[in-house]
Amino acid sequence: MANTKLIEDAYRNAKEQYAELGVDTEEALKKLNAVEISLHCWQADDVGGFETPDAKLEGGGIQATGNYPGKPRDLRELRRDVEKVMSLLPGKQRLNLHASYGDFNVRKVDRNEIGIEHYQSWVDWATNLGIGLDFNPTCFSHPLADGGFTLSSKEPEVRKFWIEHVRRTRIIASEMGKQLGTPCVNNIWIPDGSKDTPVDRVAHRAILKDSLDEIFAEKFPKEHLVDSLEGKLFGLGVESMTVGSHEFYLAYAVKNNKIVCIDTGHYHPAEQPGDKISAMLQFLDGIMLHISRGVHWDSDHVVTFTDDVQLLAQEVVRANALHRVHIGLDYFDASINRIGAYVVGARAVQLALLSALLEPTGVLRELEEAGKNFERLASLELLKTKPFGAVYDYYCLTEDVPVSEGYVSEIQRYEDETLGVRQKTSRL
Ligand code: RNT
Ligand code: ZN
């Protein structure tokens with residue numbers, strides 16, 4: 001049990017310390033509470049999806065590693081897991097759904113046949129929980145993606161298939177946004193690319209442009225659907241060229257009034273994704289974030305409270321852009337408790353946002369403008385050890401979710417009571 005008095009005392013103390021810096025902790029918590037992190041459904045089952053009973057991630061430049069027990073075996077179990085995750089997080093979250101997680105029952109529905117009927121049970125689930133949904137076409141783990149190209153394929157039939165799939169996801173996403181009363185971000189990522197140095201880059205990019213033009217010809221209200229485009233530097237098996245690169249999508253988005261998804265694992269390791277926020281927001285209405293942790297490369301490790309994540313949060317907050325940035329997670333670690341993976345990552349992002357919201361940015365800006373760069377540096381260093389953890393603990397307390405290490409034992413209990421049982425029954 002959390003020691004309420006200890007947490008409240010620590011908070012009171014923290015509140016005073018921040019007040020001395022001219023920062024209002026209550027105001028910061030109010031802003032944090034308004035942020036809805038979009039939880040990626042695919043951490044729950046290693047990007048398997050439920051199109052076939054034995055669905056698993058295959059091909060497509062992404063790979064989940066690990067074989068930790070307790071994976072959900074159907075949508076009911078996956079929903080239960082996500083609800084568990086949400087019960088361990090303060091604030092309200094959304095769910096970011098991949099098309100491969102439709103409610104397909106027994107009949108096999110191919111990707112070019114999906115309709116809102118296959119996702120209505122998700123919308124009903126979200127309605128019951130009072131949360132929003134985001135959506136993604138699934139252009140990988142499919143025989144027609146095996147050639148390495150989908151929307152940019154030179155084979156007319158392949159390209160047509162994927163255009164139809166993505167076209168349908170926009171209709172579905174728009175319907176989700178309409179029913180749930182909150183815009184649904186439909187994020188397009190394709191695995192298209194080439195392992196070895198290609199010659200005809202230009203043709204594939206021209207085809208991708210045409211495919212997107214065709215897909216986006218249909219218009220939907222902004223209050224229902226937000227189109228997002230996710231680029232990438234490279235992926236497994238597409239090391240030499242990725243058709244949908246960052247430049248490609250950024251240029252497309254600027255010209256066509258779309259938003260761009262920054263997946264923090266998709267850039268050169270020396271690039272700082274946080275630095276891109278203030279640049280892109282000059283020209284785009286919004287940004288989608290796929291917060292990930294790449295270890296040496298796009299490895300999709302669980303997000304932790306790193307410098308990168310802190311810079312990202314600081315830059316969104318400093319740009320006063322929380323309402324323009326859709327914050328989502330994107331990682332899939334199958335080697336540890338999957339619910340724990342969600343909670344650690346989501347809490348790390350909340351902590352980064354909170355610490356950014358507790359920054360006396362005005363004071364720092366004044367130092368910068370006065371050329372007092374030593375003082376700016378010292379202030380930034382000192383802020384790193386201010387008691388934002390005490391403020392976060394208090395936030396958890398007021399939200400009635402486990403405080404601090406309290407969530408670890410909750411997850412262990414869930415593992416013993418629920419996840420462990422799944423393992424036993426699936427071995428039978
Ligand atoms: C892959 C992209 C993409 C996927 C999801 C599952 O590199 O990051 O966002 O992770 O679509
Ligand atoms: Zn991503």
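Note that ligands are numbered from 1 as they come in the structure, with each ligand's atoms numbered from 1 the same way.
- Around the Zn ion (ligand 2), the protein atoms of type N, O or S that sit closer than 2.8 Å are Glu230 OE2, Asp263 OD2, His290 ND1, Asp330 OD2.
- When hydrogens are left out, the protein atom nearest atom 11 (O) of ligand 1 is His98 NE2, 2.7 Å; that is the closest non-hydrogen contact.
- The ligand atoms of ligand 1 that sit less than 4.0 angstrom from a heavy atom of His290 are 9 (O).
- Note that Lys386 lies outside the cation-pi zone of Tyr18, set by a 6.0 Å cut-off to the ring centre and a 45° limit from the axis.
- No side-chain heavy atom of Lys258 sits under 4.5 Å from any side-chain heavy atom of Ser228.
- In summary, the atoms of ligand 1 found under 4.0 Å from a heavy atom of Phe332, numbered by their order in the structure, are 10 (O).
- Using cut-offs of 30° and 60° on the angle between ring planes, the pair His98 and Trp42 is perpendicular.
- No hydrogens or angles considered: a donor-acceptor pair under 3.5 Å links the side chains of Asp110 and His142.
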Run the numbers on Asp45 and Tyr101 for side-chain hydrogen bond (donor to acceptor under 3.5 Å, both in side chains), then give the verdict.
-> CA-CA 10 Å; Asp45 75 328; Tyr101 289 74; 2.4 Å; yes

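- When each atom of ligand 1 is checked for a heavy atom of Ile62 under 4.0 Å away, the hits are 1 (C), 7 (O).
- Note on ring orientation: taking the six-membered ring where Trp is involved, the planes of Trp189 and His266 are tilted (angle from 30° to 60°).
- Of the listed residues (Glu417, Glu410, Glu415), just one forms a side chain to side chain donor-acceptor pair (under 3.5 Å) with Arg413, and that residue is Glu410.
- Neither the backbone nor the side chain of His40 has a heavy atom within less than 4.0 Å of ligand 1.
- Geometrically, ligand 1 and Asn136 share no nitrogen or oxygen pair separated by less than 3.5 Å.
- Proximity of His266 to ligand 1 is established by a heavy-atom distance of less than 4.0 Å.
- For atom 7 (O) of ligand 1, the nearest non-hydrogen atom of the protein is Lys232 NZ, 2.5 Å.
- Atoms of ligand 1 found under 4.0 Å from any heavy atom of Asp263, numbered from 1 in the order shown, are 8 (O).
- In this structure, atom 10 (O) of ligand 1 lies nearest to the protein heavy atom Asp330 OD2, 2.7 Å.
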Do any side-chain atoms of residues 174-183 form donor-acceptor pairs under 3.5 angstrom with protein atoms, and if so which ones, sequence neighbours left out?
from	atom 1	to	atom 2	distance (Å)
Glu175	OE2	Gln179	NE2	2.9
Gln179	OE1	Gln120	NE2	2.9
Gln179	NE2	Gln120	OE1	3.0
Thr182	OG1	Arg94	NH1	2.8

Do any side-chain atoms of residues 241-249 form donor-acceptor pairs under 3.5 angstrom with protein atoms, and if so which ones, sequence neighbours left out?
from	atom 1	to	atom 2	distance (Å)
Thr242	OG1	Leu233	O	3.4
Ser245	OG	Phe248	N	3.4
His246	ND1	Tyr267	OH	3.1

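- Every residue two or more places apart in sequence or in another chain that forms a side chain to side chain donor-acceptor pair (under 3.5 Å) with Arg159 is listed here: Ser211, Glu214.
- An N or O contact shorter than 3.5 Å is missing between Asn187 and ligand 1 by distance.
- There is no side-chain donor-acceptor pair under 3.5 Å between Tyr394 and Thr25.
- Looking only at heavy atoms of the protein, atom 2 (C) of ligand 1 is closest to Glu230 OE2, 3.3 Å.
- Figure legend: Arg79 and Trp122 shown as a cation-pi pair, the cationic atom lying under 6.0 angstrom from the six-membered ring centre and within 45 degrees of its axis.
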